[in-house]
Amino acid sequence: ELTVPALSVEEVWNFRYANPSWTSEVKKVSSEAKTRLTGPWTEVCDSFVGVVVQPEARADTPKGCSITKELRCSEVEYITALSNTEEDMDKLSFVFAFDQRGETKLEAGLSMLQTVFICFCVGLGAMSFSKDANELLLHPIERMIEKMETIKDNPLEAMRLGDLEYRREEVEQARFKEKLNQMSRPWQVYYKYRQKKVKEPMETVMLEKTIIKLGGLLALGFGEAGAEIIGQNMKGGATAGINAMVPGSRVEAIIGFCNIRNFGEATEVLKEKVMLFVNQVGEIVHGCVDDCHGAPNKNIGEAFLLVWRLSGKTQEKQTKLADMALMSYIKIIAEINKSKTLAVYRNHPGLLQRLPKFRVEMGFGLHCGWAIEGAIGSEFKIDASYLSPNVNVAARLEAATSQFKVWVLISHFMLNMCSQQVALNCRLIDHVTVKGSRLPVRLYTIDLDCEKIEVEYRKVPMVIRNRFKIRQLRELRKAEKWQEDFRVWEYLNTNVDIQLMRKRYSEEFFQRFAMAYRNYEAGEWMAARDMFFTCHYQPRSDVGRSLIRSEADWPVDGPTVTLLKFMAQTNFLPPPDWPGHRVLTDK
């Protein structure tokens with residue numbers, strides 16, 4: 001059993017109040033407070049009568065209750081005596097009202113600080129949330145809308161958007177490397193390790209890049225001719241339907257058509273690698289045409305349709321575009337023969353077995369006129385291209401290059417658009433009627449000896465792998481060619497490759513051919529025959545008529561041989577109604 005010792009009242013008092021840690025010092029009542037307590041109590045608060053004993057309160061408080069007049073409810077604390085007996089409570093009750101304004105002010109200050117702190121935390125959280133929302137959601141959506149507007153206004157700009165996005169990624173990577181170089185070795189290892197971790201991109205980033213890729217693919221697939229189709233369908237934002245069958249528009253343009261020769265044999269020999277072969281040639285063709293402000297339009301197996309739009313341009317700019325169209329053909333011919341990639345096919349056993357002395361050759365036709373630009377096809381498949389008899393004329397001129405054994409055939413309509421200095425480099429070789437043209441067409445060519453061009457096997461000193469830099473350099477070259485101080489004829493007369501290809505042809509050869517052709521067109525075929533027999537590339541002493549006994553003794557010039565064969569069909573006697581031109585039988 002637990003026994004508790006009995007304690008007297010005095011022992012309990014000493015135990016409870018004599019312990020210093022349980023008691024606090026009580027200050028003496030001031031004399032002023034004593035005076036107020038012993039004086040009259042003039043304040044009346046409810047049913048109580050009282051007096052203010054606070055030293056800092058004024059003594060002459062008017063009648064009434066200073067508690068209700070000067071203090072708020074939260075600024076006063078009431079305390080009653082609990083040690084009184086019930087008998088004492090019935091006779092007299094004491095209530096002490098303490099002024100708590102000091103504590104209230106402290107609590108108010110702390111509450112204000114708490115409110116400021118909460119506002120600061122809420123604001124900081126809102127800013128952090130807003131920053132994340134802007135970076136991860138709002139800004140990407142704004143960029144996507146901006147890109148969509150750009151593609152809607154000019155679909156061809158989609159290619160540039162892809163390059164700009166690639167450039168932005170390159171800049172971020174460069175900044176990261178620069179920041180990394182400023183760190184110590186352990187931090188470099190740490191950040192490199194973090195960078196190697198593959199992270200899934202955000203959905204907004206994936207959407208943004210997908211829009212850029214889709215826009216680039218649309219621009220790449222439809223080209224310049226399909227820009228109107230893309231633009232009109234993008235502007236119809238109220239519906240998700242696609243209307244690809246938009247009406248075509250008439251445009252004035254320079255139309256080029258080129259074809260890879262001996263493509264059937266190449267296909268049989270190369271088989272599945274023929275796609276690589278065509279793309280290698282197409283890269284050169286498209287690159288040179290784009291460099292001269294043209295637009296590759298259609299790839300038809302081994303053939304390419306090329307367009308230089310003239311609509312909306314001044315006469316001066318149209319002349320410059322005509323000059324650059326011809327310059328692009330010359331550059332293509334030079335690059336094809338210089339390419340070490342295409343030179344590999346010259347030693348291909350299968351090709352050499354079928355085509356001895358094989359080398360990549362192409363035919364080029366160049367014409368100008370109107371064409372209808374638009375979508376061709378149905379709701380299942382469309383192609384953005386050009387329809388016009390002038391397109392057919394360009395194709396027939398290209399096909400006739402094999403008959404004349406030349407690289408390029410140019411119509412006189414096209415040559416009339418060129419500057420006089422550029423036109424002087426071309427040779428008139430025939431006057432024919434072509435299906436698709438109501439008027440007879442005079443055919444011109446530019447003489448090029450491609451066997452003089454050597455393959456470039458030397459190593460390129462610097463290979464640029466940055467797509468953005470490549471496009472920048474290409475755009476810079478295009479801008480330079482569009483400047484007024486760039487003259488195509490000066491380029492033709494100073495370019496090393498072009499001068500090397502034209503070195504074989506003497507001035508005497510051109511004069512003899514021009515004289516022979518004038519006799520041919522005038523109907524003096526016997527005189528033309530005798531003069532054609534003398535049309536050798538370099539001057540020769542043995543050019544007499546008596547030495548010509550068979551076709552083997554004829555000059556090697558393709559147009560000369562073609563006209564001699566045509567005149568030989570009637571024993572070099574023109575028809576009685578000879579109009580000065582003939583029908584181009586082989587297209």
Side-chain angles (χ1 to χ4, degrees), residues 256-289 296 298-306 329-365 395-409 445-460 497 500-505 536-537 550-562 564-565 584-587:
F257 199 87
C258 59
N259 185 65
I260 304 173
R261 293 177 181 171
N262 303 315
F263 186 73
E265 291 81 355
T267 303
E268 294 177 2
V269 173
L270 298 177
K271 299 186 183 303
E272 65 274 2
K273 293 183 180 179
V274 72
M275 299 297 293
L276 179 62
F277 170 68
V278 173
N279 290 337
Q280 289 169 346
V281 176
E283 182 179 4
I284 295 175
V285 173
H286 291 180
C288 293
V289 170
K298 200 171 184 181
N299 305 323
I300 316 167
E302 75 276 20
F304 305 94
L305 179 61
L306 316 167
Y329 274 8
I330 300 174
K331 288 182 62 178
I332 292 171
I333 295 170
E335 293 298 326
I336 284 176
N337 288 275
K338 288 166 56 179
S339 172
K340 63 179 182 180
T341 303
L342 297 180
V344 175
Y345 297 100
R346 300 181 189 179
N347 300 320
H348 193 285
L351 292 173
L352 291 177
Q353 184 178 3
R354 294 189 177 220
L355 302 168
K357 298 182 179 180
F358 172 82
R359 61 191 304 159
V360 180
E361 294 181 350
M362 298 186 70
F364 299 87
R396 292 177 183 276
L397 292 183
E398 181 279 320
T401 56
S402 299
Q403 176 183 346
F404 288 94
K405 293 181 174 57
V406 294
W407 284 81
V408 184
L409 279 181
T445 188
I446 182 164
D447 297 286
L448 301 169
D449 181 15
C450 300
E451 294 184 358
K452 299 295 182 181
I453 295 291
E454 296 182 358
V455 180
E456 287 187 341
Y457 288 106
R458 67 177 185 273
K459 294 183 179 180
V460 181
D497 295 331
L500 190 62
M501 288 189 291
R502 290 183 59 81
K503 185 177 180 181
R504 181 182 184 185
Y505 308 96
H536 297 279
Y537 292 143
S550 63
E551 290 187 13
D553 299 323
W554 288 4
V556 296
D557 180 56
T560 300
V561 174
T562 301
L564 284 173
K565 286 183 177 180
L584 187 63
T585 54
D586 189 8
K587 290 190 178 182

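Numbers here are sequence positions counted from 1. The basis for the numbers below is simple: all heavy atoms, side chains too, and nothing from hydrogens, waters or symmetry mates.
With hydrogens and angles ignored, the 3.5 Å screen pairs no side-chain donor or acceptor of Ser339 with any backbone N or O of Ile336. Remark: the backbone N or O of Gln403 is paired with a side-chain donor or acceptor of Thr562 at under 3.5 angstrom.
For Glu268, the CD atom sits in a packed shell: over 12 heavy atoms of surrounding residues, nucleotides or ligands are nearer than 6.0 Å. At most 12 heavy atoms of other shown residues, nucleotides or ligands fall within 6.0 angstrom of atom NZ in Lys298.
Between Asn337 atom CG and Glu451 atom CD the span is 9.0 Å, to the nearest 0.5 Å. To the nearest 0.5 Å, atom CZ of residue Arg502 and atom CZ of residue Arg504 are 13.0 Å apart. Taken to the nearest 0.5 Å, the OG1 atom of Thr341 stands 7.5 Å off from the CD1 atom of Ile284. If you take OH on Tyr345 and CG on Leu355, they are separated by 14.5 Å, rounding to the nearest 0.5 Å. Expressed to the nearest 0.5 Å, how far CG of Asp497 lies from NZ of Lys338 amounts to 4.0 Å. Distance check: Phe277 CZ to Leu270 CG gives 6.5 Å after rounding to the nearest 0.5 Å.
Ring orientation note: the planes of Phe364 and Tyr329 are tilted relative to one another, at an angle of 30° to 60°.
For the pair Cys258 and Leu306, the tightest heavy-atom approach, listed with the atom from each and the gap, is SG-CD1, 4.1 Å. The minimum heavy-atom distance linking Val406 with Arg261 is given by the pair O-NH2, 2.5 Å. Looking at every heavy atom in both residues, Pro296 comes nearest to His286 through CB-CD2, 3.5 Å. Smallest separation of non-hydrogen atoms from Trp407 and Thr401: O-CG2, 3.8 Å. Residues Glu302 and Asn259 share a closest heavy-atom pair of CG-OD1, 2.8 Å. For the pair Gly558 and Lys405, the tightest heavy-atom approach, listed with the atom from each and the gap, is CA-CB, 4.0 Å.
Between the side chains of Tyr537 and Asp557, a donor-acceptor pair is found at a separation under 3.5 Å.
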Checking side chain to side chain contact (heavy atoms under 4.5 Å, CB included) for the pair Val408/Ile333: CA distance, chi angles, key distance, verdict?
CA-CA 10 Å; Val408 184; Ile333 295 170; 3.8 Å; yes
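Between Phe404 and Thr445 the shortest side-chain heavy-atom distance does not fall below 4.5 Å. Looking only at side-chain heavy atoms (C-beta outward), Lys503 and Asp449 stay at 4.5 Å or farther from each other. When side chains are defined from C-beta on, Val289 counts as touching Ile332, because their heavy atoms get closer than 4.5 Å. Taking 4.5 Å as the limit, every side-chain heavy atom of Gln280 sits out of range of all side-chain heavy atoms of Val360.
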